[in-house]
Amino acid sequence: MATYNFPDRNALRLFEQGDYIFCYQSFGAHKDRKDGQSGYRFTVWAPGARSVRVIGDFDDWQGRETSMRQLEESGVWETFVPHAKEGMLYKYLIETPSGGLLYKADPFAFYAEKRPGTASRLTDLSYTWCDSSWMAQRKKQSHFKKPLNIYEVHLGSWKQKRGIQEGEEPVFYTYRELAKELTDYVKEMGYTHVELMPVMEHPFDGSWGYQITGYYAPTSRYGPPQDFKYLIDCLHQAGIGVILDWVPGHFCRDGHGLCSFCGSKLYESQEHAHWGTFNFDYSRPQVANFLISNAVFWLEEYHADGLRVDGVSSLLYLNYGIDKPSLKRYNERGGEENLHAQAFLQKLNQTVGQLFPDAFTIAEESTAWPLVTYPPEEGGLGFHYKWDMGWMNDTLKYCSLDFPFRDGSHNLLTFSMMYAFNENFILPLSHDEVVHGKASLIGRMPGDYWRQFAGLRLLLLYQMCHSGAKLNFMGSEFGQFIEWRFYEGLEWFLLDYEAHAKHQQYVKALNHCYLRQSALWKENYTWNGYQWIDADNCRQSILIFKRQGEKKTDFAIILLNFQPQTYKDFKIGVPEPGIYREVFNSDDKDFGGSGCVNRRLLRTRKGEYHGQKQYLSILVPPVGGMILTYCPPKKRSEELKEDNKNYVCKQG
């Protein structure tokens, strides 16, 4: 059996320098044997403490014989407790320099007591994975060349067995139950990845997981750690990637957590100006080590495919959220950048890149900080992707406008292409956009009931065809009208109504169309994959552009009409002469549309339009859009046969 105590002074030195990236293998509680007895070895970082004891179920919480010894002057304390067994609860009892006593959960605990309890729980993380095919496939091709269509999920409110009742708590689905329910649903709907809002242990449901006490413990709300591994395993076996929301910017002030761990600041630097939490102190190598090791932990132990790093802007700026000049701080260069946080993020991404070259990191960064997705050696932060908050804000603002006012705000649709390839972007329509009075996505759409659904379909089609990866929050796929409520399940009963059921079928069809049309994602992050055909038709509020794949003939023509007018014989210039097929139309009656679709194959005519030498004459739907693909000459005979067959069927 492995021994998890620090093997030599070199390990301590690496930890003190911030270079012990697997320190979760030494810190915390691990099974061990000593003098022929089985038990657990406990290791904690508590510099400056007068004394440290580990107390728990194994000694009736007395701590009389469980004093820990400090290793040299490192601030690292350890002890071995015989007869400690899996499932037992424990805490560290820390005596501060002033003689106060603090009862702290283990910062490196792999499992936590279910809230409202605050203790750590002994566990063995052993698990037999069955996702070898997925992990092998992950290495074969760059994720930049694969489709990335993310379904963002809050596990506690995706579905519930019972919502909050008078004096009672909600009854959640467990990790194992979600392994069946969620996996089947995401697979059927055609998403490529799920992004889980923070699953790390947190005491308050209302924080949505963003105020953490147990960074190494998946929340016990839904079951033990092994069951969380089972959930990820099942998703992988179904061909679905898993992204974990990760929060290295701040932590909550609950007394059993990281705050004032030894009676004074240790993990924290100062209070967060917006959230009432504490910022991490990245100037301490051990604190940076704690966080980088945590990122490694989730990628290694839980086979996560990516980490979405929350609140990157709040890390990068010393005065994030601080408006009062007298409270502002400045770095040694006189700027407001947090240089220690910048170095931490660079080291984080370098470490992930070295150890897990087939995994990725995503920055939620809402400012104009440069080079977020560039390598550190080029002055960048080293992330693989960045959320495009500008696209999200502009697009939702535009789509919320009533139709008569759209022509004057056309630039809200086109401005994103001015910077679309400055970074590797993900287009997010996340949980943050459907809370705090912002309204649901469909609730923002103007017009009557039909136009609201048409507007939501068009928004999602625009997102899908725009350059960059995609992210959508749960509930938007069936048009939930109310905002997201973390304390109750989604309104799945809406699927009993035709409009919502058809919208869900629309999203499913759109997702699967995206998977089939490689022109929409093969060249997702460079101008090689995008070309405007008509960006300036503000009078009719129409966009036309081309998405290009790797091969010359692998391209798609996208037309989006943001007005309720229908146009017959609408002419658009196209790059190649020949035959085109409409492969997707948001106005199809099967999706709840009016049926303005182009059923037959489309043949080009000679004549200059939009700078092209040939054009198509098409039917343009109201508040709708379409995807047209080119039929190379070698495939045309087959396409014509299929077209005639479909035309006869449609005509009855």
Centres of the [X] and [Y] rings: under 6.0 Å?
| X | Y | value |
| --- | --- | --- |
| His500 | Phe453 | yes |
| Phe144 | Phe360 | no |
| His303 | Phe356 | no |
| Phe415 | Trp391 | no |
| Trp158 | Trp492 | yes |
| His431 | Trp208 | yes |
| Tyr385 | His143 | yes |

Do the side chains of [Y] and [X] get nearer than 4.5 Å, heavy atoms only?
| X | Y | answer |
| --- | --- | --- |
| Val194 | Ile243 | no |
| Asp536 | Asp534 | yes |
| Leu148 | Asn524 | no |
| Leu196 | Val199 | yes |
| Val620 | Lys568 | no |
| Val242 | His193 | no |
| Gln531 | Phe545 | no |
| Leu178 | Thr183 | no |

Can you tell whether the side chains of [X] and [Y] come within less than 4.0 Å, N to carboxylate O?
| X | Y | result |
| --- | --- | --- |
| Asp588 | Lys502 | no |
| Asp358 | Arg138 | yes |
| Lys438 | Glu483 | no |
| Lys386 | Glu364 | no |

Counting only heavy atoms not in [X], do more than 12 sit closer than 6.0 Å to its [atom1] atom?
| X | atom1 | result |
| --- | --- | --- |
| Lys145 | NZ | yes |
| Lys397 | NZ | no |
| Lys589 | NZ | no |
| Asn411 | CG | yes |
| Glu498 | CD | no |

Please determine, by modelled atom types, if [X] and [Y] share a side-chain donor-acceptor pair under 3.5 angstrom.
| X | Y | value |
| --- | --- | --- |
| Thr373 | Glu423 | yes |
| Asp305 | Trp134 | yes |
| Tyr419 | Asp388 | yes |
| Trp369 | Ser313 | no |
| Thr367 | Glu365 | yes |
| Asn472 | Gln463 | yes |
| Ser594 | Asp587 | yes |
| Asp590 | Tyr506 | no |
| Ser416 | Asp394 | no |
| Tyr191 | Glu152 | no |
| Asn598 | Arg581 | no |
| Asn561 | Gln565 | no |
| Lys546 | Gln548 | yes |

Report the distance from atom OG of Ser617 to atom CZ of Phe570, rounding to the nearest 0.5 Å.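 Spacing of OG (Ser617) from CZ (Phe570) equals 10.0 Å.
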How long is the gap from CG on Asn528 to NZ on Lys522, to the nearest 0.5 Å?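 These two atoms lie 14.0 Å from each other.
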Check side chain to side chain contact (heavy atoms under 4.5 Å, CB included) between [X] and all other residues, then give those that pass, not counting sequence neighbours.
| X | answer |
| --- | --- |
| Leu371 | Tyr374 |
| Ala535 | Thr414, Trp532 |
| Ala509 | Phe584, Phe591 |

Would Arg308 and Trp387 count as a cation-pi pair here, with the cationic atom under 6.0 angstrom from the ring centre and within 45° of the axis? yes
Closest non-hydrogen atom pair between [X] and [Y], with its separation:
| X | Y | result |
| --- | --- | --- |
| Pro446 | Arg451 | O-CB, 3.9 Å |
| Ser586 | Leu461 | CB-CD2, 4.3 Å |
| Thr361 | Gly382 | OG1-O, 4.3 Å |
| Val574 | Gln612 | O-CB, 3.3 Å |
| Ser467 | Leu427 | O-CD1, 3.6 Å |
| Asp245 | Tyr210 | OD2-OH, 2.5 Å |

Please verify the inter-ring angle class for Tyr185 with Tyr151; under 30° counts as parallel, over 60° as perpendicular, anything in between as tilted.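 Judged by the thresholds at 30° and 60°, the geometry between Tyr185 and Tyr151 is tilted.
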Classify the ring geometry of Tyr530 against Trp527: parallel below 30°, tilted from 30° to 60°, perpendicular beyond 60°.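 Tyr530 vs Trp527 ring planes: perpendicular.
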For Lys180, enumerate each residue passing the salt bridge (Lys or Arg N to Asp or Glu O under 4.0 Å) test, keeping only those at least two apart in sequence or located in another chain. Asp184
Not counting sequence neighbours, which residues clear ring pair (Phe, Tyr, Trp, His ring centres under 6.0 Å) with Tyr302? List them please. Phe228, Phe297, Trp298
Run the ring pair (Phe, Tyr, Trp, His ring centres under 6.0 Å) test against Tyr230 and tell me which residues pass, sequence neighbours left out.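 For Tyr230 there are no ring pair (Phe, Tyr, Trp, His ring centres under 6.0 Å) partners, ignoring immediate neighbours.
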Take Gln452 and Asp448, measure what side-chain hydrogen bond (donor to acceptor under 3.5 Å, both in side chains) needs, and give me the verdict at the end. CA-CA 6 Å; Gln452 283 185 295; Asp448 58 17; over 6 Å; no
Quick one: which of Gln563, Arg406, His410 gives a side-chain hydrogen bond (donor to acceptor under 3.5 Å, both in side chains) with Ser541? Gln563
Test salt bridge (Lys or Arg N to Asp or Glu O under 4.0 Å) applied to Lys159 and Glu181, step by step: CA-CA 9 Å; Lys159 283 186 178 180; Glu181 294 265 346; 3.1 Å; yes
Could you please spell out the steps behind the salt bridge (Lys or Arg N to Asp or Glu O under 4.0 Å) verdict for Lys161 and Glu177? CA-CA 11 Å; Lys161 295 179 180 178; Glu177 290 167 334; 2.6 Å; yes
